[in-house]
Asks: 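I am attaching a structure below and will ask some questions about it afterwards.
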2 protein chains.
Amino acid sequence: MRSYGQYCSIARALDVVGDRWTLLIVRELLLRGPCRFTDLKNGLPGVATNLLSTRLKELEDAGLISREDAPPPVATVLYALTDDGLALEPVLKALGLWGLRFMDAERPDDAFQARWLAYAPAWFATDADPDAPPAVVQLIASGEEAVIEIGGGEVRARAGRAADPDLVLEGPARAVLGLLTGVIGIDAATGIGLTTRGRAADVLARLRPVG
Amino acid sequence: MRSYGQYCSIARALDVVGDRWTLLIVRELLLRGPCRFTDLKNGLPGVATNLLSTRLKELEDAGLISREDAPPPVATVLYALTDDGLALEPVLKALGLWGLRFMDAERPDDAFQARWLAYAPAWFATDADPDAPPAVVQLIASGEEAVIEIGGGEVRARAGRAADPDLVLEGPARAVLGLLTGVIGIDAATGIGLTTRGRAADVLARLRPVG
DNA sequence: CGGTATCCAATATGATACTG
DNA sequence: CAGTATCATATTGGATACCG
C-alpha cells in the first residue's frame, strides 16, 4: 500500500495494517496463536495464496510477525505475532465491537467458523456475577461448535464441545451471537430460531455486554 | 470494496471502513466536526476529489455520515458523522495509540497539520494531578500551532495560539509529540531539537501517557 | 466551491500449475 | 504441506482536466 504521507499516528498505523486482508491475518494469528500457512489460508476463506504470501512478508518486514521453525513433530514454519503485532488486540477488539451493529445481516453465502463464534462472547461480554460458581455453555451456531465458561468476572471461550454443559444454545449464528453480545434479547433470539437446553435464564442473566 | 463474505464482526467492520481513505475521512470529521467538502479535502492531503466524493457517498449509504444543508451564512452542504460514525472514535483511538510506535520515522515530505498535533496529547495523555490548577501549554511543531490545557484529570486540545501559556514547547513534530505521548523523554526530545520556555519540569510531570 | 469525467497505472482476484 | 509462479481479468486508485 502506498503511504498516506501524513505525520499522524492513525495514518501511520494504516500505512502498516490498512491493506486488504492484513487485519484479518492478524485476527487469525491472535485467535489461533502461532500457526502454519495452510491454517491461515483455511481461516481466511477467499484469500489467494499469493496474496497471503505477500502479506505475510510485508507483516514480517514491518515487525508484526515472525517466522519460527517449529520443533520436530511439526517440522514446518510457524507464523507468530511479535509484541508489536500482539499490541493490535485492542484495535481488533474496538473494530469488532463496532462491527457488531452489522451482524444482523447474515448473508446465506457468508463463511462462518467456530473460532469467530468463540471470540465474540469472550471479548464483548463479561460475567456480571463473579462470585457465583462457573457456568459452562455449549454454543452451536450454523453447525459450528464452541464452549464458553462464565466465571470469576470473565468469559473465556474456545472452539469445540463441552462434556457436561449447564446450558446449550443452538440456532442460527445471528441468534446465538446476537444474544451473547447483547444485540438482541432472548425473546427475539428465540423468534429467529434459537433453542435452549438447560437453565437459560440463570446463566444469561450473568452475561453483561461490554460498552 | 468487495465484501470479505465472513460472518465475523471484524470482517463486517472492515467491509464498511476498510477501504483506503475511509478511516482518515472519519478522523477528519471527528476532529473538525461537521465540515465542507473542501475542508475535508484540505485535511486529507493527497486524496483525489473523485475518490473523496465516492467515499462520502459510500459512507452516507452505510449510515456513518449525513449531508446537512448549512444555514444561510455558509449556504452549502456540511458532512457530519451520525451516531454510528461517532461510535468509531474508540477504533481511531486504539489505532492511533498503536500507531505511535511508528512516529519516530518522520519523513521530510510528510504532511503535518495543527489538528494532528492537537489530538495526540488529548487522546493519549492524562492529567496525573487533577487537583492542581490548570496549566496551558503552547505547542509549536514544524510550524503548526496548537494549545493544550491540562487540568481536572484531563488534557484538552485545540489548534491555534494561547494568550499567556505557562509553557511553550517548540521543535520538530517528532520531538514535541514524542514528549507529550511519552514515547521519548525530555532529554531525548531536547536532543532532537526541542526548546522549552516556562516551567517545563512542573507541567510535564503532570502528563501521564495512557496505556 | 463542490464536485464530474476521463484516462492510465497499480493492485486484487482467481485459476491453475508447479516445486521441494 | 508450504508455498512460488504465472497469467487473465476486474476493480481501484491517482492525476488531471473541466464545469455549473
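Because the structure is predicted, anything quoted here is derived from the model rather than measured. Protein chains get the first letters and strands the later ones, always in sequence-line order, with residue 1 at the start of each.
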Asks: Hey, is the side chain of A/W21 poking within less than 4.0 Å of OP1 or OP2 on C/dT13, counting only N and O atoms?
Replies: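 Indeed, a polar side-chain atom of A/W21 lies that close.
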Asks: Nearest to the side chain of A/D19, which nucleotide is it out of D/dA2, C/dG14, C/dA12?
Replies: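 So the nucleotide nearest the side chain must be C/dA12.
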Asks: Do B/L117 and B/E145 have side-chain heavy atoms sitting under 4.5 Å apart?
Replies: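 They are not in side-chain contact.
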Asks: Charged N to carboxylate O under 4.0 angstrom, A/E58 versus A/R55?
Replies: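 Yes, A/E58 and A/R55 are salt-bridged.
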Asks: Does a side-chain N-to-carboxylate-O contact under 4.0 Å join B/D61 and B/R67?
Replies: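 Answer for the salt bridge query: no.
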Asks: Regarding C/dT4, can its base be found pairing with the side chain of B/T49 as donor and acceptor, where the two atoms are less than 3.5 Å apart?
Replies: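 Answer yes: a donor N or O sits under 3.5 Å from an acceptor.
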Asks: Any idea which of D/dG13, C/dT4, C/dG14 is nearest the B/R20 side chain?
Replies: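 Closest nucleotide among those given: D/dG13.
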Asks: Among D/dG3, C/dC1, D/dA15, find the nucleotide with the atom closest to the side chain of B/A48.
Replies: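 That would be D/dA15.
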Asks: Can you measure A/L14 atom CG to D/dG13 atom P for me and round it to whole angstrom units?
Replies: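 Atom-to-atom, A/L14 to D/dG13, this comes out as 14 Å.
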Asks: If the threshold is 4.0 Å, N to carboxylate O, is there a salt bridge linking B/D104 and B/R174?
Replies: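 No salt bridge links B/D104 with B/R174.
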Asks: Whole-Å distance between C/dA10 P and A/E58 CD?
Replies: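 One finds 16 Å between P of C/dA10 and CD of A/E58, rounded.
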Asks: Could you state the CG-C1' distance from A/L52 to C/dT11, rounded to the nearest angstrom?
Replies: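 In whole Å, C/dT11 C1' lies 16 Å from A/L52 CG.
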Asks: The helix from C/dC1-D/dG20 to C/dG20-D/dC1: angle between its terminal axes, five pairs each, to 10°?
Replies: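 Overall, the helix from C/dC1-D/dG20 to C/dG20-D/dC1 bends by 40° from one end axis to the other.
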Asks: The side chain of B/K57 lies closest to which of these nucleotides: C/dT13, C/dC1, C/dT4?
Replies: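 Of all the options, the side chain of B/K57 is nearest to C/dT4.
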Asks: Classify the side chain of A/N50 and the base of C/dT13 as holding, or not holding, a donor-acceptor pair under 3.5 Å.
Replies: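 It does not, because no donor-acceptor pair links the side chain of A/N50 to the base of C/dT13 below 3.5 Å.
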Asks: Side chain of A/T38, heavy atoms from C-beta onward: which of C/dG3, D/dC1, C/dG2 has the nearest atom to it?
Replies: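 Of the options given, the side chain of A/T38 lies nearest D/dC1.
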Asks: Would you please say whether a donor-acceptor pair under 3.5 Å links the side chains of B/R107 and A/S3?
Replies: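 Short answer, yes.
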Asks: Taking the nucleotide of DNA chain D with the nearest heavy atom to each, does B/V47 or A/S53 sit closer to the 5' end?
Replies: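 With B/V47 and A/S53 compared, the 5'-side residue is A/S53.
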Asks: To the nearest Å, how far apart are A/L51 CG and D/dT6 P?
Replies: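 That distance rounds to 17 Å.
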Asks: Please identify which of these residues, A/W116, A/Y119, A/W98, meets the side-chain hydrogen bond (donor to acceptor under 3.5 Å, both in side chains) condition with B/S9.
Replies: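 When A/W116, A/Y119, A/W98 are each tested with B/S9, the side-chain hydrogen bond (donor to acceptor under 3.5 Å, both in side chains) holds only for A/Y119.
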Asks: Would you mind reading off the distance between B/F37 atom CZ and D/dG20 atom P, rounded to a whole angstrom?
Replies: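 Computing the B/F37:CZ to D/dG20:P distance gives 18 Å.
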Asks: May I have the distance from B/I25 (atom CD1) to D/dG13 (atom P), rounded to whole angstrom?
Replies: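 After rounding, the gap between these two atoms is 11 Å.
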Asks: Do B/R12 and A/D110 sit within salt-bridge range, that is, some charged N less than 4.0 Å from a carboxylate O?
Replies: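 Judged by the 4.0 Å cut-off on N to carboxylate O distance, B/R12 and A/D110 do form a salt bridge.
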Asks: Between A/R2 (CZ) and C/dC8 (P), how many Å, whole number?
Replies: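 Between P of C/dC8 and CZ of A/R2: 18 Å.
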Asks: Looking at B/Y79, does any N or O in its side chain come under 4.0 Å of the phosphate oxygens OP1/OP2 on C/dG3?
Replies: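 For C/dG3, OP1 or OP2 has a side-chain N or O of B/Y79 closer than 4.0 Å.
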Asks: According to a strict under-4.0 Å criterion, is B/R55 in side-chain N/O contact with OP1 or OP2 of D/dT12?
Replies: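 Looking at the OP1 and OP2 atoms of D/dT12, neither is under 4.0 Å from any side-chain N or O of B/R55.
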Asks: So do B/C35 and B/E28 actually touch side chain to side chain, heavy atoms under 4.5 Å?
Replies: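 Of all side-chain heavy-atom pairs linking B/C35 with B/E28, none is under 4.5 Å.
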Asks: Roughly how many Å is it from CG in B/L40 to C1' in C/dG3, rounded to a whole number?
Replies: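 Result: 13 Å.
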